[in-house]
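Beneath this line is the structure, given in structure tokens, with notes to follow.
All figures in this text were calculated on a predicted structure; none of them were measured in a lab.
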Amino acid sequence: MADLGFGTDQGNVGPFVTIPDKQFAQVTAVRALMEVQLGRRAIETSDRSDVKAVAQHMIDDYTQWGEGMQKAAAYLKIPLPAELDAKRKGEVDKICALSGVAFDKAYLSEVVHLQNKALTVTQYEAANAGVTGFRHWAGVMVPKLQDEIKMARHSLSGEALVSSK
């Protein structure tokens, strides 16, 4: 994401940030906050190694993506949320209040849900971004998001969510 690229808008040359570009940056930042918080809780809470592996993968990817988006957003003057809004915080808190099999199922279901939403937004951005760097970055993210969905779905369906204890 280092090369943010430039676009044109009615003959004006310079960093061209469209409304969808801003929305992409903002939803990516929110997803990063959610995925990291949920992932940390999964590592603390789950007894299943596959759930912990999904969580660590999500933490690693979203920490990297979140940091990259922070840098890009600062350069492009896109305001990003520093914390979750009340609705998202409530969603995270609801899942984090669970334990055992119920937590694992809710966590993995949320990962699949968030990643499917991310995939839709990212595919759009890969094809339509006004900022060349966003278009490139989104194109790189699409297969990673698909892998994350596959990994979470596999864990969600595997072993009937039986604890390893």
Side-chain angles (χ1 to χ4, degrees), residues 1-7 9 14-46 51-99 102-149 151-152:
M1 190 124 99
D3 173 24
L4 299 175
F6 291 90
D9 178 21
F16 175 54
V17 182
T18 64
I19 290 172
D21 290 341
K22 290 178 184 176
Q23 292 170 336
F24 174 70
Q26 291 167 342
V27 298
T28 299
V30 168
R31 251 191 345 271
L33 292 168
M34 290 182 76
E35 291 290 3
V36 170
Q37 288 179 26
L38 288 168
R40 286 181 180 146
R41 180 69 176 159
I43 288 173
E44 294 169 1
T45 302
S46 184
V51 173
K52 289 182 180 201
V54 168
Q56 190 61 60
H57 191 79
M58 300 307 292
I59 290 169
D60 293 345
D61 281 353
Y62 275 97
T63 297
Q64 178 184 5
W65 294 344
E67 290 169 358
M69 188 55 72
Q70 289 288 336
K71 289 177 187 173
Y75 175 78
L76 297 168
K77 296 179 178 48
I78 299 171
L80 297 181
E83 56 188 46
L84 296 175
D85 61 24
K87 178 183 175 188
R88 305 290 179 319
K89 186 174 179 346
E91 293 170 4
V92 169
D93 290 347
K94 182 179 174 183
I95 294 168
C96 289
L98 301 171
S99 61
F103 172 82
D104 292 345
K105 183 176 180 181
Y107 169 67
L108 293 169
S109 294
E110 186 67 8
V111 168
V112 170
H113 172 73
L114 289 172
Q115 296 310 88
N116 275 322
K117 287 173 66 173
L119 183 59
T120 300
V121 170
T122 304
Q123 286 172 324
Y124 177 86
E125 192 69 5
N128 300 296
V131 176
T132 305
F134 278 8
R135 192 168 43 252
H136 171 74
W137 189 50
V140 170
M141 285 178 63
V142 166
K144 291 181 181 208
L145 291 167
Q146 291 168 330
D147 288 345
E148 289 169 349
I149 292 167
M151 183 172 51

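Under the salt bridge (Lys or Arg N to Asp or Glu O under 4.0 Å) criterion, E44 pairs with R41, sequence neighbours left out. When the salt bridge (Lys or Arg N to Asp or Glu O under 4.0 Å) test is applied to R40, no partner is found at least two apart in sequence or on another chain. In this structure K89 satisfies the salt bridge (Lys or Arg N to Asp or Glu O under 4.0 Å) test together with D93, sequence neighbours excluded.
Contact detail for A126 and G139: the closest heavy-atom pair is CB-N, 3.6 Å. The two atoms that bring Y62 and A118 nearest to each other are OH-CB, 4.0 Å, heavy atoms only. Across all non-hydrogen atoms, the minimal contact from A106 to L98 is CB-CD1, 3.5 Å. The two atoms that bring L80 and A73 nearest to each other are CD1-CB, 3.4 Å, heavy atoms only. Of all non-hydrogen atoms in S46 and D104, the two that sit nearest each other are OG-OD1, 2.8 Å. Considering all non-hydrogen atoms of both residues, M141 and T122 come closest at CB-CG2, 3.8 Å.
Within 6.0 Å of atom NZ in K52, more than 12 heavy atoms from other residues, nucleotides or ligands are found, so the atom counts as buried in its surroundings.
Once rounded to the nearest 0.5 Å, the distance linking CH2 of W137 with CH2 of W65 reads 7.5 Å. The CD1 atom of I78 sits 10.0 Å away from atom CZ of F24, with the distance rounded to the nearest 0.5 Å. Annotation: the span from M58 atom CE to E110 atom CD amounts to 10.5 Å, rounded to 0.5 Å. Between the CG atom in L84 and the CG atom in L33 there is a gap of 5.0 Å [rounded to 0.5 Å]. D21 contributes atom CG, which lies 11.0 Å from atom CD of Q26 (distance to the nearest 0.5 angstrom).
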Pair D61, E35 - check side-chain contact (heavy atoms from CB on, under 4.5 Å), show working.
CA-CA 9 Å; D61 281 353; E35 291 290 3; over 6 Å; no
Using side-chain contact (heavy atoms from CB on, under 4.5 Å), reason through L114 and M34 one step at a time and then give a plain yes or no.
CA-CA 9 Å; L114 289 172; M34 290 182 76; 4.2 Å; yes
Please step through side-chain contact (heavy atoms from CB on, under 4.5 Å) for the pair F134 and T28, ending with a clear verdict.
CA-CA 11 Å; F134 278 8; T28 299; over 6 Å; no
I'd like to know whether I43 forms a side-chain contact (heavy atoms from CB on, under 4.5 Å) with I59, so could you lay out the CA-CA distance, the side-chain angles of the two residues, the decisive distance to 0.1 Å, and finally the verdict.
CA-CA 10 Å; I43 288 173; I59 290 169; 3.6 Å; yes
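Using a cut-off of 4.0 Å between Lys/Arg side-chain N and Asp/Glu carboxylate O, D147 and K144 are scored as not salt-bridged.
Side chains of Q64 and D60: no donor on one and acceptor on the other come within 3.5 Å.
Between F103 and Y107, the ring-plane angle classifies as parallel under the 30° and 60° cut-offs.
Panel note: side chain Q115, backbone Q146; no donor-acceptor pair is recorded below 3.5 Å.
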